[in-house]
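Here is the structure we will look at, set down as structure tokens.
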Amino acid sequence: MTDASLIVPASSGPRPAEGRDALLAGLNPQQLEAVTYRGIALLIVAGAGSGKTSVLTRRIALLLQQREAWPSQILAITFTNKAAGEMRERVAGLVGDTARGMWISTFHSACVRILRREADQFGFTKSFTIYDSGDSRALLKRLVKEHEADAYGLTPGAAQSRISKLKNELLDAEGYARQANMSDPAERKFADIFADYQRALQKSNAFDFDDLIAQTVFLFRAFPKVANVYRRRFRHILVDEYQDTNHAQYSLIRELTKPIEGEAPEPYASNGMMIFEPEPEASSDESTAGASLTVVGDSDQSIYAFRGADIRNITEFERDFPGAKVVLLEQNYRSTQNILSAANSVIGNNFDRKAKNLWSDKGPGEKIVGFTGYSQHDEAQFVADEVEQLRRAGVAYSEMAVFYRTNSQSRALEEIFIRSAVPYKIMGGTKFYERAEIKDALAYLVAVANPADDMAVRRILNKPRRGIGAVTETSIGMYAEQHGISFRDALRHPGELGVGPKLQAAIARLDSVLAEATEVLLPASGELPPPTSVAEGLTVLLNKSGYFDALRASRDPQDEARLENLDEFVAVARDFARNNPDGTIVDFLTEVALVSDADDLDDESGVVSLMTLHTAKGLEYDAVFVTGVEEDLIPHRISAGEPGGPQEERRLFYVGITRARKRLHLSLAMTRAQFGEVSVAMPSRFLQEIPAELIDWRQSPGDVNSRGGMQSRALNARRSGGWGSGGQGSSKGGGDRFGVQALPKREGLKPLSTAMDRFPNKVTGKVRDNGDLELATGDRIRHDDFGEGRIEAVTGEGAKRIAHVRFDTAGQKKLLIKIAPIVKL
DNA sequence: CCGTCGACTGTTTTT
DNA sequence: CAGTCGACGG
């Protein structure tokens, strides 16, 4: 938050020499070199689990501790805010308070800081809004409609992704128009929309996600003086996860590491804000050289090409930065050899990679466990059972994680976990800040903080319902345009809009609520409001606008949840005040705009983590379950056609495998229901890339289909119901791998795999309710799927009472009494 | 202007 | 299958 220009390395700290030894203790030779090498550019190729975070933090700590750099001269870029927080903590742990004043943040946060400082230089104000992808889509939707571009097959989504790609390549609207084929009407439409989109952003004093990076680069290029201020300030730049940087991010780093030409330092540049401070031993030749750059990455873990990450940034690093030093970290300190061997042989199938061989001295460890379920529910039950077994063997829930390729796969897992009373937490999924009510609340705040933001004002115009519809919205917009004022300001003149008296009153009321909140959040007196004002202002807005009342009056059961979410949001604002004593509403909005899923996974001890493979990057667990290891899922169907797609999918799988410390489970299902239809799934090609002797199949794909038995009734019905006789499911010559003939009773099948197709497909909806069925130790029950069993214990309270049951054939299970399909015998 | 109904349409990963 | 979108009638 602050420049910390007054913070001086603690003089009472350890003596440099002994501190140095402590910092370097326990490093292997390569790590040692990565920490101590000094030069203009350093690439640390860090295989999975090779201790790169440790290397990076020690490198920073050493710079500080040896007085080679002041905290404020260090810029460290991480992939997520969480990683940034962790790194800051670890550096602080090594060198104490000295760590304050460093910039450790994501690309996006760092750019926001720069842009806010420099906003006035190029037509924005410090309180600009950050549009998330939902906001951009909404804006584009309006523009596409205005341009009637859907006739050219241009959807808002398509336009959005094209614009995003262009921005990641640093092409702006004019640049695009210049090189586009303007004789193609569709192209021209798109170019117009792009230009309008950009104009609308500017008018609203807003940046979208991609702008944050691209505009910073443009700023540096257009104003070398501004760039020089930051070049002079940041003498040591470190970038984590370099393999996932895109072209814009790469260019930003290039800009920042350029040498400073001519021109004396201007300590008070940039609107009088002190941007850098005198160097400890200011030597003038040093101050003109480019900053030293350290990047850490692993091209085998590049999984964001779809979002513009350019793997060449890392593969061509040595060419980009001549004289760069490369250090390879190949010893893995995380996983057992079996897990590593599997990972190595999988990733070895990617052809254009630099060979690298991770090794471990932890010994072979457990074999990888494989399981093939009949359905996704069957698979989920396997995961839940296995989790319980590990728990009983002493593995903490928080040390277990379940990964999947797509978010939608979490449903089946979630459902089974609830039934089995396995505590879990889903990282990601529908994000808190994407919920409509939260976005509404945010729009209210934005309308106050950045009144130029038309989108925000339009959003809240009729929320809650106050009778202001499309027609009135247009009138207001027209009035604003005619008078050259913002949409927000147009609300101040309800009488002149040519709308009825009822509407005038409604508009006036909204205007006065906004005005009142403005007085709380940004007092006209100009005095700095207390940080608690954010929560206060929010409460004012939600109460006086009638938003809360409308939700309370509603009889839609979902609205109760919305109220709770808003309460939580107010609590977030209060927390913010506590954690950021100098925080303003703009700071609050920034923080909210830039938090991601991966950020709030504060290792809530005691629960199993569920997440996508992408979210899993950078994390590690004792036990890992990679689920849905099927063709069309991983590798995902959509990636098949894209160049480099399958290879990226392989890397994704590799990332999943290498998260595991001690135990790895790979599972799949033979049938999977998607969009209400059951389809046949094939084992992923990646499974065959793992040496067979490393996997202990509890139930292999072969077991499942060669027995011919047990296929889902739904599937069967579908087949006989004229699905076409086409060659589905027989690609490997096995003809009827799913047995067309007579179907089998379920005797002889393992209890686990019985009748999973009878599980409801919905998490919500038809939840069984046993009311307050009383069960006591010793009671016998019958479960729809597991058969008969004996209650061994009952724990928990009320709706969360859990029965611990030993089934006669299915073994030990925990069941949530309220919803388990059980009857007392 | 609001609410409902029916049709439609996506369905990969995210700062 | 779900969630969104557009059309329509009150």
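None of the values given here were measured: they were computed from a predicted structure. Residue numbers start from 1 in every chain, and the chains themselves are labelled A, B, ... in the order their sequence lines are given, proteins ahead of strands.
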Task: Rounded distance (Å) that lies between atom P of B:dT14 and atom NE2 of A:H108 - done: 14 Å

Task: Test ring pair (Phe, Tyr, Trp, His ring centres under 6.0 Å) applied to A:F207 and A:F124, step by step - done: CA-CA 10 Å; A:F207 294 104; A:F124 288 82; 4.3 Å; yes

TODO: May I ask you to evaluate whether A:N407 reaches the phosphate of B:dT13, defined as a side-chain N or O under 4.0 Å from OP1 or OP2?
DONE: yes

Task: Nucleotide nearest A:N462 (side chain, heavy atoms from C-beta), chosen from B:dC2, C:dA2, B:dT12 - done: B:dC2

- [ ] Identify which nucleotide among B:dT14, B:dG3, B:dT15 has an atom closest to any side-chain atom of A:R465, counting heavy atoms from C-beta outward.
- [x] B:dG3

TODO: Tell me what A:F79 touches on the nucleic acid: a base, only sugar-phosphate, or nothing, going by heavy atoms under 4.0 Å.
DONE: sugar-phosphate

Task: Euclidean distance, atom CD of residue A:Q243 to atom P of B:dT13 [Å, nearest integer] - done: 20 Å

Open item on the list: Between B:dT13 and A:R307, counting only base atoms on the nucleotide and side-chain atoms on the residue, is there a donor-acceptor pair under 3.5 Å?
Closed with: no

Open item on the list: On the nucleotide B:dT13, are OP1 or OP2 found under 4.0 Å from the side-chain N or O atoms that A:S639 carries?
Closed with: no

Open item on the list: Both conditions, 6.0 Å and 45 degrees, for the charged tip of A:R651 above the ring of A:Y654: are they met here?
Closed with: no

Task: Length of the line joining A:I130:CD1 and B:dT15:C1', which is rounded to integer Å - done: 11 Å

Task: Side chain of A:H614 - closest among B:dT14, B:dT12, C:dA2 - done: B:dT14

Open item on the list: Need one value for A:R637: base, sugar-phosphate or nothing, where a base atom within 4.0 Å counts as base even if backbone is also close, heavy atoms only.
Closed with: nothing

Open item on the list: Is the phosphate of B:dT11 approached by A:T406 (side-chain N or O, under 4.0 Å from OP1 or OP2)?
Closed with: no

Task: Spacing of A:L652 atom CG relative to B:dT12 atom P, expressed in whole Å - done: 14 Å

Task: For atom CG of A:L619 and atom C1' of B:dT14, their distance in whole Å - done: 14 Å

Open item on the list: What is the separation between atom CG on A:D132 and atom P on B:dT15, rounded to the nearest whole Å?
Closed with: 12 Å

Open item on the list: Taking the six-membered ring for Trp, are A:F79 and A:Y242 closer than 6.0 Å centroid to centroid?
Closed with: no

Open item on the list: What's the gap between C:dT4 and B:dT13 when it is taken at their P atoms, as a whole Å value?
Closed with: 16 Å

TODO: Mark this stacking check for A:F306 against B:dT13 as yes or no, applying ring centres under 5.5 Å and ring planes under 30°.
DONE: yes

TODO: Please state whether the base of B:dT12 and the side chain of A:H636 form at least one donor-acceptor pair under 3.5 Å?
DONE: no

Open item on the list: Tell me if the centroids of the rings in A:H614 and A:F306 come within less than 6.0 Å of each other.
Closed with: yes

- [ ] Give the rounded distance in Å between these two atoms: CD1 of A:I303 and C1' of B:dT15.
- [x] 13 Å

Task: Contact under 4.0 Å: A:T472 side-chain N or O vs B:dC1 OP1/OP2 - done: yes

Task: A:K52 bridged to A:E241 by N-O distance under 4.0 Å - done: yes

Open item on the list: With the six-membered base ring of B:dT15 as reference, does the ring of A:F209 sit under 5.5 Å away with planes under 30° apart?
Closed with: yes

- [ ] May I ask you to say whether A:E631 pairs ionically with A:R637, meaning some side-chain N is under 4.0 Å from a carboxylate O?
- [x] no

TODO: Look at all strands and tell whether A:K502 reaches a base, only sugar-phosphate, or nothing, counting heavy atoms closer than 4.0 Å.
DONE: nothing

Task: Distance in angstrom units between A:L594 CG and B:dT15 P, rounded - done: 10 Å

Open item on the list: Here's a test of your reading of the structure: between A:R466 and A:E649, which maps to the more 5' nucleotide of DNA chain B?
Closed with: A:R466

- [ ] Kindly say if A:K141 contacts the phosphate of C:dC5, meaning a side-chain N or O under 4.0 Å from OP1 or OP2.
- [x] yes

